[in-house]
Amino acid sequence: MKIKPTQLALAAAMFVSGSAFAGITARLEPAQEAGSNSPEVRFTMTNTGKSAVSVVRWETPFTGIIGEVFEVTINGVEAEYVGRHYKWADPQDFDMITLKAGESRSITVDLSAAYNLSETGVYQIAYRTSERALRLGQRAVDESKAFTGDVASAPISMFVEGVPYSPPAAPIAWSNQKANAAGFTSCSSTQQTAINTGMNNAGSYAANSLSYLNAGTRGLRYTTWFGTYDATRYNTVKAHYVKIDEALRIKPVTFNCSCTDSAFAYVYKTQPYNIFVCNAFWTAPATGTDSKAGTIIHELSHFTIVADTDDHAYGQTAAKSLAKKRVSRAIDNADSHEYFSENTPFQN
């Protein structure tokens, strides 16, 4: 793969909206000169304020690209994000990166590790996140009004001579794995017990959700999480739960317990049915809001061959807002599927 900057790549000026967090700026630039074979960009974040500021690490690429922190398009079409899809929890102290007054921090990252750059052409690349997410984490985005606006870089343009994209190979399922029985990697016996309970509860959630949708019910439970009734959208959601229910009943779901991130879990969309379980999963309740069972529903919905959902909003408040304002995204949102299944508080 060859990547070279165009004239537009020199426009690396920064913009930040909102006064409460105006001391943080972001800049992107090609990491290599024209003719380089490396699809890399250099990201710099600077604190231009007079006091130290802490930011959530996963809203930046400083610990790798572990979320859709970049907007990558070609000819106006989004390049597919092929990295990890997390269900994030609230950030802990060790998840924060502190920039002293006047300090800049830079990192070079390989975009092809998280985005499908197989098409040849000029890509537009920008960094953007909300101020609230950068300071408080995604789950606090709608709950806190302390910060407003975005932190964003000016876009850069890079010509990419693409190569065919090869998705990561799916893990091999255990040969002795049975229907509705999990396989395990790096999981203790206690963890296996917790996961098996979560699988059973998730199976009940999925069956109940599918029964609701098969009956054609259009109550508050549906409209709260998926918005105003529309037959096409309703059938799309129902098709999602057919696949989620099927995965829990007859597919070889495997759990990897090696993750130590402050998240519930993550998956790669193209690696069904492998779920990486993280720290927040173990302290989550068995059922109810943001539960172990709900997390499994959330992660299964991400797989391309299941529902191919994304993470447009985290947390109940943001998911409810999505159902009111952007219905097409609500039916494509993993947390919306989880909260519909958990149905806490109960709605008909």
Side-chain angles (χ1 to χ4, degrees), residues 57-58 61 63-68 81-92 94-95 113-114 138-139 166-203 205-206 243-287 290-311 314 334-335 337-338 341:
R57 64 180 177 85
W58 60 71
T63 52
I65 306 176
I66 53 176
E68 280 188 87
Y81 173 73
V82 293
R84 297 177 180 183
H85 286 265
Y86 277 90
K87 175 176 169 63
W88 287 111
D90 294 327
Q92 305 301 307
F94 61 82
D95 292 313
Q138 286 284 359
R139 295 174 62 79
S166 298
I172 299 173
W174 288 15
S175 60
N176 64 342
Q177 205 168 324
K178 299 178 181 179
N180 197 32
F184 303 102
T185 300
S186 303
C187 299
S188 69
S189 58
T190 300
Q191 290 172 330
Q192 291 181 32
T193 297
I195 289 170
N196 280 329
T197 299
M199 280 283 286
N200 288 333
N201 289 330
Y205 273 162
K243 290 291 188 178
I244 293 170
D245 175 70
E246 179 184 68
L248 287 161
R249 287 188 297 104
I250 64 174
K251 299 300 182 181
V253 182
T254 298
F255 292 84
N256 187 311
C257 300
S258 61
C259 174
T260 57
D261 286 326
S262 295
F264 291 87
Y266 73 86
V267 299
Y268 293 96
K269 278 191 171 188
T270 58
Q271 293 187 3
Y273 297 87
N274 198 36
I275 299 174
F276 293 82
V277 182
C278 306
N279 286 356
F281 181 88
W282 307 117
T283 56
T287 56
D290 293 316
S291 62
K292 292 182 177 70
T295 295
I296 292 171
I297 296 283
H298 176 118
E299 298 303 337
L300 286 174
S301 78
H302 275 315
F303 292 121
T304 305
I305 63 173
V306 178
D308 197 19
T309 61
D310 287 310
D311 293 308
Y314 287 100
D335 252 5
H337 287 72
E338 173 177 344
S341 290

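Scope of the values below: all heavy atoms of this structure, side chains included, with no hydrogens, waters or symmetry mates.
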Asn201 and Ser291, any side-chain heavy atoms less than 4.5 Å apart: no
Between Ile297 and Ala202, which heavy-atom pair has the shortest distance, and what is it? CD1-O, 3.7 Å
For Cys278 and Tyr86, the nearest pair of non-hydrogen atoms, with its separation, is SG-CE2, 4.3 Å
With sequence neighbours left out, write down each residue that passes side chain to side chain donor-acceptor pair (under 3.5 Å) with Thr295, or none if nothing qualifies. none
Check ring pair (Phe, Tyr, Trp, His ring centres under 6.0 Å) between Phe276 and all other residues, then give those that pass, not counting sequence neighbours. Tyr266
Nearest 0.5 Å please: distance from the OG1 atom of Thr190 over to the CH2 atom of Trp282. 9.5 Å
Which pairs count as salt bridge (Lys or Arg N to Asp or Glu O under 4.0 Å) when at least one residue sits in residues 292-308, sequence neighbours excluded? Lys269-Asp308
side-chain contact (heavy atoms from CB on, under 4.5 Å) with Ser189: which residues, sequence neighbours excluded? none
Between Val82 and Thr270, is any pair of side-chain heavy atoms under 4.5 Å apart? no
Keeping the roles fixed (side chain from Glu246, backbone from Lys251), state whether a donor-acceptor pair exists under 3.5 Å. no
For His337, check ring pair (Phe, Tyr, Trp, His ring centres under 6.0 Å) against everything at least two apart and list the hits. Phe226, His240, Tyr241
Closest non-hydrogen atom pair, Leu300 against Val253: CD2-CG2, 4.3 Å
Check whether any side-chain heavy atom of Ile66 sits under 4.5 Å from a side-chain heavy atom of Trp88, and report yes or no. yes
Please report the interatomic distance CD(Gln192) to CE(Met199), rounded to the nearest 0.5 Å. 12.5 Å
Value for CG (Asn196) from CD (Gln191), rounded to nearest 0.5 Å, stands at 12.0 Å
Partner set under side-chain contact (heavy atoms from CB on, under 4.5 Å) for Ala334, not counting sequence neighbours: His298, Ser301, His302, Thr309, Asp311
Mind checking salt bridge (charged side-chain N to carboxylate O under 4.0 Å, His left out) for Lys87 and listing every partner two or more places apart, or none if nothing turns up? Asp290, Asp335, Glu338
Taking the side chain as every heavy atom from C-beta outward, state whether Tyr273 and Ile305 have any pair of such atoms under 4.5 Å apart. yes
Does Ser258 have any side-chain contact (heavy atoms from CB on, under 4.5 Å) partners at least two apart in sequence or in another chain, and if so, which? Ser186, Asn256
Can you tell me how far apart CZ (Phe94) and OG (Ser262) are? Round to the nearest 0.5 Å. 3.0 Å
Keeping the roles fixed (side chain from Asn279, backbone from Thr260), state whether a donor-acceptor pair exists under 3.5 Å. yes
Nearest-0.5 Å distance, CZ of residue Phe281 to SG of residue Cys257: 8.0 Å
To the nearest 0.5 Å, atom CD1 of Ile296 lies from atom CG of Asn200 at 9.0 Å
With sequence neighbours left out, what residues match Asp95 under salt bridge (charged side-chain N to carboxylate O under 4.0 Å, His left out)? Arg57
Taking only residues two or more places apart in sequence, or in another chain, which ones meet His85 in a side chain to side chain donor-acceptor pair (under 3.5 Å)? none
Any residue meeting side chain to side chain donor-acceptor pair (under 3.5 Å) with Tyr205, in chain and number order, not counting sequence neighbours: none
